[in-house]
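Heads up, the thing below is written out as structure tokens.
Note that the structure is predicted; figures quoted are calculated from it, not measured.
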Amino acid sequence: MAGTLFMDTHLPLRLWFEAIWQVTSQKYGASGLGLQRVLELGSYRTAWTLLHKLRRAMVRPGRDRLKGLVEVDEIYVGGVRENAEKFDNKELVLVAAEEEAPAKIGRIRLLRIEDRTGPTLRKAVSNLIAPGSHVRTDDWQGYARIDELGLIHQPVHYTALGSKNILPSVNRVASLLKRWLLGTHQGSTAQTHLDYYLDEFTFRFNRRTSRSRGLLFYRLLSQAVKMEPRPAKMLKGGRNNPHHK
């Protein structure tokens, strides 16, 4: 347990294993209240801490970037839309989705970004997509120079296709993400912890075709063992926490 996600835990490992099984065996995951009820935990805070520690283990450091043909777009998550130009309490998320075959989505990546400017989008795309890949975007000017990253840019213009869905893969992922946040978590995800909910959704989506829940259990457990400790003080406040890494 030393040097892993389980370091200094006051909970028995059996309880941790039961929590991992609950998280990986359910198609849409588990909420804090649901985990508290199923594991008969005396405190919601304990269930919340368990889930957030496990979410930290859902992204493997140094994971491969997407490749091939990749669709990219930005979406707003959370909050209440006020009008066409202003979004109240919404977060901007970049969605990247591989196209394995027509109408078939491969792996995805989700990344919260600060804005839609060219430098921000180029940095995000560079982190998510391997050089040599074909990248399909809309005609937003922020993507104008991504070919400088060694990518083959394929912008699609709205004027040419009218109201047709020009980026079907990322739009499908965006719809599923928002439905998952509203369904499993009742839309109550804190903005400061959104990154980790995005990690969980990515973990689940990229393994959606797995026929064995046991393999998902093993994958999450093995990544937790390889992960550095995450004491509770690093969880509170999410991205705004001074201990956040």
Mark yes or no for whether [X], through its side chain, and [Y], through its backbone, hold a donor-acceptor pair below 3.5 Å.
| X | Y | answer |
| --- | --- | --- |
| Thr49 | Arg45 | yes |
| Glu91 | Val77 | no |
| Ser133 | Ala130 | yes |
| Gln36 | Ala47 | no |
| Gln26 | Gln22 | yes |
| Thr120 | Arg116 | no |
| Arg208 | Phe205 | yes |
| Thr4 | Met1 | yes |

Table please: side-chain donor-acceptor pairs of residues 102-110 below 3.5 Å, with sequence neighbours left out.
from: Arg107; atom 1: NE; to: Glu98; atom 2: OE1; distance (Å): 3.2
from: Arg107; atom 1: NE; to: Glu98; atom 2: OE2; distance (Å): 3.3
from: Arg107; atom 1: NH2; to: Arg65; atom 2: O; distance (Å): 3.2
from: Arg107; atom 1: NH2; to: Glu98; atom 2: OE2; distance (Å): 2.6
from: Arg109; atom 1: NH2; to: Asp64; atom 2: O; distance (Å): 2.6

Are [X] and [Y] side-chain neighbours, meaning at least one heavy-atom pair lies under 4.5 Å?
| X | Y | value |
| --- | --- | --- |
| Val93 | Leu194 | yes |
| Tyr143 | Asp138 | yes |
| Leu69 | Gln154 | yes |
| Ile129 | Ile146 | no |
| Arg63 | Asn206 | no |
| Leu92 | Glu114 | no |

| query | Which pairs count as salt bridge (Lys or Arg N to Asp or Glu O under 4.0 Å) when at least one residue sits in residues 146-157, sequence neighbours excluded? | reply | Arg145-Glu148

| task | State which residues pass ring-ring contact (aromatic ring centres under 6.0 Å, His included) with Phe203; sequence neighbours excluded, sorted by chain then number. | result | none

| In chain order, what residues pass the ring-ring contact (aromatic ring centres under 6.0 Å, His included) check against His153, with sequence neighbours excluded? | none

Please answer: with hydrophobic residues joined when any side-chain heavy atoms are less than 4.5 Å apart, are [X] and [Y] in the same cluster?
| X | Y | result |
| --- | --- | --- |
| Leu198 | Ile75 | yes |
| Ile113 | Leu149 | yes |
| Leu220 | Leu11 | yes |
| Trp16 | Met7 | no |
| Met227 | Phe217 | yes |

| Asp195/Arg112 salt bridge by N-O under 4.0 Å criterion | yes

Nearest 0.5 Å please: distance from the [atom1] atom of [X] over to the [atom2] atom of [Y].
| X | Y | atom1 | atom2 | value |
| --- | --- | --- | --- | --- |
| Leu51 | Lys53 | CG | NZ | 12.0 Å |
| Asp8 | His10 | CG | NE2 | 7.0 Å |
| Asp115 | Leu121 | CG | CG | 7.5 Å |
| Tyr197 | Leu181 | OH | CG | 9.0 Å |
| Ser210 | Leu216 | OG | CG | 4.0 Å |
| Leu5 | Leu54 | CG | CG | 6.5 Å |

Where do [X] and [Y] come nearest, in terms of heavy atoms and distance?
| X | Y | result |
| --- | --- | --- |
| Val170 | Val95 | CG1-O, 3.6 Å |
| Leu151 | Gly132 | CD2-N, 4.2 Å |
| Val72 | Leu167 | O-CD1, 3.7 Å |
| Ala96 | Leu128 | CB-CD1, 4.4 Å |
| Met58 | Val23 | CE-CG1, 3.5 Å |
| Ala19 | Leu35 | CA-CD1, 4.2 Å |

| How far apart are the C-alpha atoms of Leu221 and Phe6, what are their side-chain angles, what is the distance that settles it, and do they pass the side chain to side chain contact (heavy atoms under 4.5 Å, CB included) test? | CA-CA 10 Å; Leu221 179 59; Phe6 309 112; 3.8 Å; yes

| With a cut-off of under 6.0 Å to the ring centre and 45° to the axis, is Arg204 in cation-pi contact with Tyr28? | no

If you count every heavy atom of other residues, nucleotides or ligands that lies below 6.0 Å from [X] atom [atom1], does the total exceed 12?
| X | atom1 | value |
| --- | --- | --- |
| Lys178 | NZ | yes |
| Arg14 | CZ | no |
| Arg37 | CZ | no |

| request: Just jot down the side-chain hydrogen bond (donor to acceptor under 3.5 Å, both in side chains) partners of Ser169, sequence neighbours excluded, or say none. | output: none

| request: Report the residues that fulfil side-chain hydrogen bond (donor to acceptor under 3.5 Å, both in side chains) with Trp21, sequence neighbours left out, ordered by chain and then residue number. | output: none

| message | Does the plane of the ring in Trp180 sit parallel, tilted or perpendicular to the ring in Phe201? Use 30° and 60° as the thresholds. | response | tilted

| task | Could you point out which residue of Arg55, Arg56, Arg207 forms a salt bridge (Lys or Arg N to Asp or Glu O under 4.0 Å) with Glu200? | result | Arg55

